[in-house]
Structure formats: C-alpha cells, structure tokens
Protein chains: 2
Amino acid sequence: MIQAESDMLKKLAKFMKTIGDANRLKIIWVIGKEERSVSEIINETDLSQTLVSFHLKILRESDIVETKRIGAFIYYSLGNPELIDLLSACGEYVYRTTGEIEPGFIRPFPLWFNEKF
Amino acid sequence: MIQAESDMLKKLAKFMKTIGDANRLKIIWVIGKEERSVSEIINETDLSQTLVSFHLKILRESDIVETKRIGAFIYYSLGNPELIDLLSACGEYVYRTTGEIEPGFIRPFPLWFNEKF
DNA sequence: ATAATATATGAGTAAATACACATATTGGTG
DNA sequence: CACCAATATGTGTATTTACTCATATATTAT
C-alpha cells in the first residue's frame with residue numbers, strides 16, 4: 001500500500017472517528033433538521049451545557065458544523081448538508097446488516113430528514 | 001429526543017467508531033478488493049501480525065468481515081460489500097468538504113473499487 | 001455599572017482504545 | 001510424533017477520548 005493511500009485512509013478514519021460518537025451524532029441529528037442555538041441543542045439532546053460545548057468545539061474544528069451569532073445566541077448548522085445523506089446511508093447499512101429491529105425502531109436519519117434537500 | 005432515536009444513534013456511533021480507525025480501514029481496503037488471508041493482509045498493510053489479528057477480531061465481532069478457513073489459512077472478506085459503497089461515499093464527502101488534494105492524491109475507495117459490484 | 005443569560009474554555013479525572021510482547025492454538029508436513 | 005507455519009489470545013501499558021467542575025467571556029437588560 002502506497003503512502004498516499006495510507007494518508008487518505010488516515011484522513012477518512014479521522015473523519016469517521018469524529019462523527020462516530022453518540023453524543024455528537026445526537027447533536028448532528030438535532031441541527032441537521034434545522035439550525036439550532038446551543039441552548040436548543042442542550043434542551044433537545046439532554047446533555048449538559050459543558051458537554052455540548054465540548055462536542056461542538058470538536059465538530060467546529062472538523063468543519064462539520066458552522067456557526068452564526070445572533071445577539072447572545074450562537075446558531076449551529078451543518079457545514080455540508082450532504083452529511084445527512086451520508087449518515088442516512090450509514091444507518092441503512094447498519095439496519096440492513098444487523099437486521100436488528102426493536103419495537104419502536106426508528107431508522108436513524110430517516111426519509112423526512114432529507115425532504116428539504 | 002425519544003429513547004428509540006437515542007438508541008439507534010448509539011448503534012450508528014458504535015458502527016462508525018469501529019470503522020473509524022486507520023488500521024482497520026487499511027484492512028478493509030485490502031480485503032475489499034478481494035478476500036485475503038491474514039498473512040496477505042499483514043504483507044499489504046505493513047502491520048504486525050498481532051496488530052492485524054487484534055483488529056480482525058474487532059471487525060469479526062462487529063460482523064464487518066467474514067472468515068473462511070482453507071487449510072492453515074484463514075481468508076477474510078467483507079460481510080457486506082455495500083460497505084465499500086459507504087466508504088466511497090464517505091471519501092467523496094471528505095474530499096469535497098475539505099478540498100484538500102495533495103500531490104499523488106488518491107481518493108479512498110476509488111471507482112475501480114466498485115467495478116465488481 | 002450590575003446582574004443575568006448564553007456560550008466557551010482550562011484543568012483534572014476516569015474510562016476506552018490501540019498497541020506490544022509473550023504465549024497459545026490450529027493445521028500441515030516430514 | 002515432532003516441527004513449522006498461520007493465526008489467535010491474554011496481559012500489561014501508554015495514549016486518547018469523553019466527561020465533570022469550576023471559571024471565563026460575551027451579550028443583553030435593568
């Protein structure tokens with residue numbers, strides 16, 4: 001395996017590791033629907049303020065989310081809405097591969113998610 | 001956010017975390033082309049035997065790879081070839097989002113990868 | 001200017017993860 | 001059977017990562 005391949009795989013791994021966290025996915029899920037202020041994210045995810053800020057920093061530094069300040073509020077949105085398609089595809093893969101369906105199952109990032117794209 | 005959503009995101013995160021490792025991606029990259037014995041994986045990835053076995057175990061337990069024994073050799077292949085499409089899509093996302101292209105750039109899981117599907 | 005709300009950050013900690021080294025297991029061959 | 005090659009596993013360790021708590025910064029309102 002040549003170096004360039006190895007390097008690219010390393011970048012890809014970094015990206016997947018960044019979104020491979022349940023709390024960050026929660027946040028992405030929430031702001032994927034529509035941009036949200038930090039307080040809204042805290043409410044909808046049920047995570048502590050500090051924890052949300054912690055993960056938002058990681059998402060910011062990975063250019064996964066963008067910010068916009070309006071007054072005292074800072075609104076977060078996806079840097080690239082394609083991410084939702086990607087996560088949908090991943091959800092589909094996991095769904096089809098594991099075959100696990102619990103009662104009340106909800107496929108991650110379901111169809112309504114993409115309605116606006 | 002309801003519990004079922006949260007649970008699904010947790011599963012999705014687990015999956016992404018599993019494939020979000022450079023060495024495991026290397027392995028997936030190698031066996032994605034065609035099934036490979038452990039020795040072949042070791043050679044092509046330049047990882048130690050122990051390390052390859054370590055990661056293969058993780059990939060096995062996540063049902064990402066399958067095994068087939070032929071004599072003393074154990075051949076690994078992808079449990080679900082869709083995974084390559086998924087990773088291709090992720091590579092495309094990273095490529096388009098970051099815009100980083102180095103000399104000798106090779107897009108992860110490029111087109112030839114999917115020729116057989 | 002003070003207080004209150006919204007958000008970010010630094011330091012410390014606990015847990016998860018990747019890894020190396022030594023050893024075990026399995027199968028093939030003389 | 002003894003020996004060798006292929007692969008797996010157990011244990012210890014170092015690094016990374018997620019998290020909490022306390023505190024800082026920024027904005028608005030009084």
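Letters go in sequence order (proteins before strands), and every chain restarts at 1.
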Query raised in the report: With sequence neighbours left out, what residues match B:T18 under side-chain contact (heavy atoms from CB on, under 4.5 Å)?
Result: B:R24, B:I58, B:L59, B:S62, B:I64
Query - Stretch residues 61-74 of chain A: residues that reach within less than 4.0 Å of DNA chain C through a heavy atom - result: A:A72, A:F73, A:I74
Requested in this report: For A:K68, check salt bridge (charged side-chain N to carboxylate O under 4.0 Å, His left out) against everything at least two apart and list the hits.
Outcome: A:E35
Query raised in the report: Residues in side-chain contact (heavy atoms from CB on, under 4.5 Å) with B:S48, at least two apart?
Result: B:T50, B:L51
Report task. Nearest-nucleotide wise, let me know which of B:S37 and A:K17 is further upstream toward the 5' end of DNA chain D. Result -> B:S37
Requested in this report: Not counting sequence neighbours, which residues clear side-chain contact (heavy atoms from CB on, under 4.5 Å) with A:K57? List them please.
Outcome: A:R60, A:E61
Report summary line: Side-chain contact check for B:K57: nearest option of D:dA8, D:dA18, D:dG10 is D:dG10
Give the table of side-chain donor-acceptor pairs shorter than 3.5 Å for residues 36-43 of chain A, with sequence neighbours excluded, one pair per line with atom names and distance.
unit_1: A:R36; atom_1: NE; unit_2: A:E44; atom_2: OE2; d: 2.7
unit_1: A:S37; atom_1: OG; unit_2: A:E40; atom_2: N; d: 3.2
unit_1: A:S37; atom_1: OG; unit_2: A:E40; atom_2: OE1; d: 3.4
unit_1: A:E40; atom_1: OE1; unit_2: A:S37; atom_2: N; d: 2.8
unit_1: A:N43; atom_1: ND2; unit_2: A:S39; atom_2: O; d: 3.4

Report summary line: Residue set satisfying ring-ring contact (aromatic ring centres under 6.0 Å, His included) with B:F15, at least two apart, ordered chain then number -> A:Y93
Report summary line: So the contacted stretch of DNA chain C, first to last nucleotide with an atom under 4.0 Å from a non-hydrogen atom of chain B, runs from C:dT17 to C:dG28
Query raised in the report: Does any pair with a residue in residues 38-69 of chain A pass ring pair (Phe, Tyr, Trp, His ring centres under 6.0 Å), and if so which ones, sequence neighbours excluded?
Result: none
**Report entry** Whole-Å gap separating P (D:dT7) and CZ (B:R60)
**Finding:** 12 Å
Query raised in the report: Considering only heavy atoms, which members of residues 44-56 of chain B lie under 4.0 Å from some atom of DNA chain D?
Result: B:Q49, B:T50, B:S53
**Report entry** Qualifying residues under side chain to side chain donor-acceptor pair (under 3.5 Å), relative to B:N80, sequence neighbours excluded
**Finding:** A:T97
Query raised in the report: By salt bridge (charged side-chain N to carboxylate O under 4.0 Å, His left out), which residues pair with A:E66, not counting sequence neighbours?
Result: none
**Report entry** Closest heavy-atom pair and its distance - A:G91, B:L12
**Finding:** N-CD1, 3.8 Å
Query - Below 4.0 Å: OP1/OP2 of D:dA8 and any side-chain N or O of B:Y76 - result: yes
